[in-house]
Amino acid sequence: MDRLAVMEQFLAVAEAGSFSAAARRLNIGQPSISKAVAQLEAYLGVKLFLRSTRSLTLTEAGRRYREGAERALAAAAEAEASAREDGGRLAGPLRVVVPTCLARLYLLPWLPGFRDLYPEITIDLETTDHDTDVVASGADIALRIGPLADSALVASRMGRTRMALVARKPLAGLDAPHRFMGRPAIVSRIHHVKNSWIFREGSARIAIMVRPALIVDSDEAARAAALADLGHAMLPRPFVVDLIEEGALVELLPENMIDDIDVWAVLPAGRDQTARVRAFLEWLRQQLGTLFAEGQQREGK
């Protein structure tokens with residue numbers, strides 16, 4: 001019995017919920033996959049599935065076996081990829097966690113260039129605006145914007161950007177930070193604490209309390225809300241620079257925006273960096289360096 005092949009077939013059945021769907025996914029006959037799972041159950045001496053005419057569900061033993069099989073297949077794929085890397089070929093999976101706006105506006109359009117360089121690397125991309133547990137999620141690299149809370153991670157600064165205060169149209173009389181006190185605003189749980197916005201006045205920083213007209217938990221939602229004229233929003237400038245340049249949003253008080261927002265690549269501590277990880281970090285640093293350099297030139301105009 002080819003144990004890895006049988007594990008793959010078992011996982012296909014568990015994920016698809018039926019033998020027929022798993023057979024179609026793997027492009028093999030249903031009798032073949034049914035026989036493989038039956039042989040696996042006989043080999044293990046336990047039932048992995050509860051079968052009925054209408055459903056197929058995992059037993060407790062099946063759930064435990066699924067967890068182990070997923071780890072085993074991932075380890076096998078990693079071993080194969082490492083062997084190829086030793087032979088000079090970069091191949092295998094690379095799990096990357098990226099903020100939603102950064103992925104949609106920049107990383108996804110850039111990725112064809114990375115694929116041209118490393119066609120055998122498979123990017124497993126998760127987009128989220130929340131701090132994913134890098135270790136528990138199995139991520140190789142996570143990008144984060146702003147201060148880092150988890151000191152148990154290895155962090156590499158990829159660049160630095162600034163915030164931008166934007167609205168659908170100019171707001172009369174709002175020509176200084178204190179004039180935003182109590183004004184309705186689109187507040188992001190990601191960047192703002194206790195409904196306060198941080199402005200710069202000279203070398204000092206001041207916190208201004210705003211009145212939330214809308215509270216969102218993603219930069220994508222804050223961007224869309226500003227476009228819908230639901231209030232003014234404060235976001236990392238790269239996430240709205242396209243809308244500012246198109247005239248869809250107006251930038252307010254650029255001279256009062258904080259300009260030292262760090263962009264980080266974080267990696268699990270204690271895990272050796274593969275050649276794939278190093279190659280992706282080097283490539284990404286070049287892309288982000290170009291992005292932030294362009295942003296600085298635009299802001300200096």
Test of understanding: clusters of I, L, V, M, F, W, Y form through side-chain heavy atoms closer than 4.5 Å, transitively. Do [X] and [Y] belong to the same one?
X: Leu148; Y: Ile190; value: no
X: Ile123; Y: Leu102; value: yes
X: Leu11; Y: Leu26; value: yes
X: Ile145; Y: Leu108; value: yes
X: Leu105; Y: Val96; value: yes

Quick one: do [X] and [Y] make a salt bridge, cutoff under 4.0 Å?
X: Glu255; Y: Arg200; answer: no
X: Asp219; Y: Arg223; answer: no
X: Arg168; Y: Asp229; answer: no

For [X] against [Y], the heavy-atom pair lying closest together:
X: Gly62; Y: Phe10; value: O-CZ, 3.6 Å
X: Val166; Y: Ala226; value: CG2-CB, 4.4 Å
X: Trp264; Y: Ala155; value: CE3-CB, 3.8 Å
X: Ala22; Y: Ala16; value: N-CB, 3.8 Å
X: Ala222; Y: Ala233; value: O-CB, 4.3 Å
X: Val46; Y: Ala61; value: CG2-CB, 4.1 Å

[Y] and [X], any side-chain heavy atoms less than 4.5 Å apart:
X: Pro99; Y: Asp129; result: yes
X: Thr127; Y: Arg104; result: no
X: Thr128; Y: Val97; result: yes
X: Ile206; Y: Pro177; result: yes
X: Glu126; Y: Val98; result: no
X: Val187; Y: Val210; result: yes
X: Leu267; Y: Leu281; result: yes
X: Val37; Y: Phe19; result: yes

Kindly say whether [Y] contributes a backbone atom to a donor-acceptor pair with the side chain of [X] at under 3.5 angstrom?
X: Ser196; Y: Met209; result: no
X: Ser32; Y: Ile28; result: no
X: Asp140; Y: Val277; result: no

Item to complete: Please step through salt bridge (charged side-chain N to carboxylate O under 4.0 Å, His left out) for the pair Glu41 and Arg51, ending with a clear verdict.
Response: CA-CA 13 Å; Glu41 289 178 322; Arg51 299 164 174 83; 3.1 Å; yes

Any chance you could measure [X], atom [atom1], to [Y], atom [atom2], to the nearest 0.5 Å?
X: Arg95; Y: Arg276; atom1: CZ; atom2: CZ; result: 14.0 Å
X: Trp197; Y: Asn256; atom1: CH2; atom2: CG; result: 13.0 Å
X: Ile208; Y: Phe180; atom1: CD1; atom2: CZ; result: 10.0 Å
X: Arg115; Y: Leu117; atom1: CZ; atom2: CG; result: 11.5 Å
X: Leu165; Y: Leu235; atom1: CG; atom2: CG; result: 9.5 Å
X: Ile261; Y: Ile198; atom1: CD1; atom2: CD1; result: 9.5 Å

Centroid separation under 6.0 Å, is that true for the rings of [Y] and [X]?
X: Phe199; Y: His178; value: no
X: Phe49; Y: Tyr65; value: no
X: Trp110; Y: Tyr106; value: yes

Worksheet item: Counting only heavy atoms not in Glu60, do more than 12 sit closer than 6.0 Å to its CD atom?
Response: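 Check passes, neighbour count above 12.
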
Fill in: Within 6.0 Å of CZ in Arg3, more than 12 heavy atoms from elsewhere
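No - once you tally the heavy atoms of other residues, nucleotides and ligands closer than 6.0 Å, there are 12 at most.
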
Item to complete: Check the pair Met234, Met257 against side-chain contact (heavy atoms from CB on, under 4.5 Å), reporting the backbone distance first and the verdict last.
Response: CA-CA 9 Å; Met234 189 182 289; Met257 292 296 100; 4.0 Å; yes

Fill in: The single option from Leu90, Leu94, Thr274 passing side chain to side chain contact (heavy atoms under 4.5 Å, CB included) against Phe280
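By the side chain to side chain contact (heavy atoms under 4.5 Å, CB included) criterion, Phe280 pairs with just one of Leu90, Leu94, Thr274: Leu94.
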
Worksheet entry | Side-chain donor-acceptor contact under 3.5 Å, Arg189 with Ser218 |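 There is no such pair (donor and acceptor under 3.5 Å, judged by atom type) between the side chains of Arg189 and Ser218.
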
Item to complete: Could you walk me through whether Phe239 and Thr100 pass side-chain contact (heavy atoms from CB on, under 4.5 Å), step by step?
Response: CA-CA 10 Å; Phe239 294 173; Thr100 305; over 6 Å; no

Discussion item. Quick one, Arg63 with Glu67, criterion salt bridge (charged side-chain N to carboxylate O under 4.0 Å, His left out). Give me CA distance, side-chain angles, the key distance, then yes/no.
Written reply: CA-CA 6 Å; Arg63 286 191 288 271; Glu67 294 173 358; over 6 Å; no

Discussion item. Could you walk me through whether Ile141 and Val266 satisfy the side-chain contact (heavy atoms from CB on, under 4.5 Å) test, starting with their C-alpha distance in whole Å, then the side-chain angles of each, then the deciding distance to 0.1 Å, before giving a yes or no?
Written reply: CA-CA 6 Å; Ile141 303 167; Val266 296; over 6 Å; no

Worksheet item: Picking from Arg157, Arg160, Arg162, Arg205, what satisfies salt bridge (Lys or Arg N to Asp or Glu O under 4.0 Å) with Asp260?
Response: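 Result: among Arg157, Arg160, Arg162, Arg205, Arg205 is the only option passing the salt bridge (Lys or Arg N to Asp or Glu O under 4.0 Å) with Asp260.
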
Practice prompt. Evaluate the side-chain contact (heavy atoms from CB on, under 4.5 Å) criterion for residues Arg237 and Glu251: first the C-alpha distance (whole Å), next the side-chain angles of each, then the deciding distance (0.1 Å), finally the verdict.
Written response: CA-CA 10 Å; Arg237 197 172 191 275; Glu251 187 170 16; 3.0 Å; yes

